[in-house]
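Here's the structure, in structure tokens; my notes come after.
Heavy atoms only: backbone and side chains are in, while hydrogens, waters and symmetry mates are out.
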Amino acid sequence: IEESAQVRKLEDRLSRMRAFIKKHRSGVSKRIFSQMFSHGTMAKEREADIREMEDRGWISVIRNEATGGITLTAIG
């Protein structure tokens, strides 16, 4: 029972994160994203969530070599 509650919590968080990224049609910087979701999550959790959404094909992670910045863009 505990595991399913954790899975539901994760899925809810990922859905909210995805919706936030989708609102920004040209993408959102990882910095802005992290500020938005800093309450209630640690940096390593947000990193894992970004990787999970990327693995699911929900978002693309674009690294700007010139600035070192990262942009998150929704797919679909």
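Using a 4.5 Å heavy-atom threshold, the side chains of I62 and T73 count as touching. For the pair F33/I50, a side-chain contact is recorded, criterion being any heavy-atom separation below 4.5 Å from C-beta on.
Counting all heavy atoms, side chain and backbone alike, G40 lies closest to E45 at O-OE1, 4.2 Å. Taking both residues in full, the closest heavy atoms of R46 and T41 are given as NH1-O, 2.9 Å, listed atom of the first, atom of the second, then distance.
The distance from the CD atom of E52 to the CD atom of E54 is 10.5 Å, given to the nearest 0.5 Å. Here the straight-line distance linking atom OG1 of T71 with atom CG of N64 works out to 7.0 Å at 0.5 Å rounding. Distance check: L72 CG to I21 CD1 gives 4.5 Å after rounding to the nearest 0.5 Å. With rounding to the nearest 0.5 Å, the separation of OG in S60 from CE in M53 is 11.0 Å. Taking CD of E47 as the start and CE of M42 as the end, the distance is 12.5 Å to the nearest 0.5 Å.
Follow the hydrophobic side-chain contacts under 4.5 Å out from W58 and you never reach I75; the two are in separate clusters.
A side chain to side chain donor-acceptor pair (under 3.5 Å) with D12 is found for exactly one of R16, K9, R8, namely R16.
In this structure, R18 contributes its side chain and A74 its backbone to no donor-acceptor pair below 3.5 Å.
Using a 4.0 Å cut-off between charged side-chain N and carboxylate O, R56 and E11 make a salt bridge.
Note: F20 and F37 have perpendicular aromatic rings, judged against thresholds of 30 and 60 degrees for the angle between ring planes.
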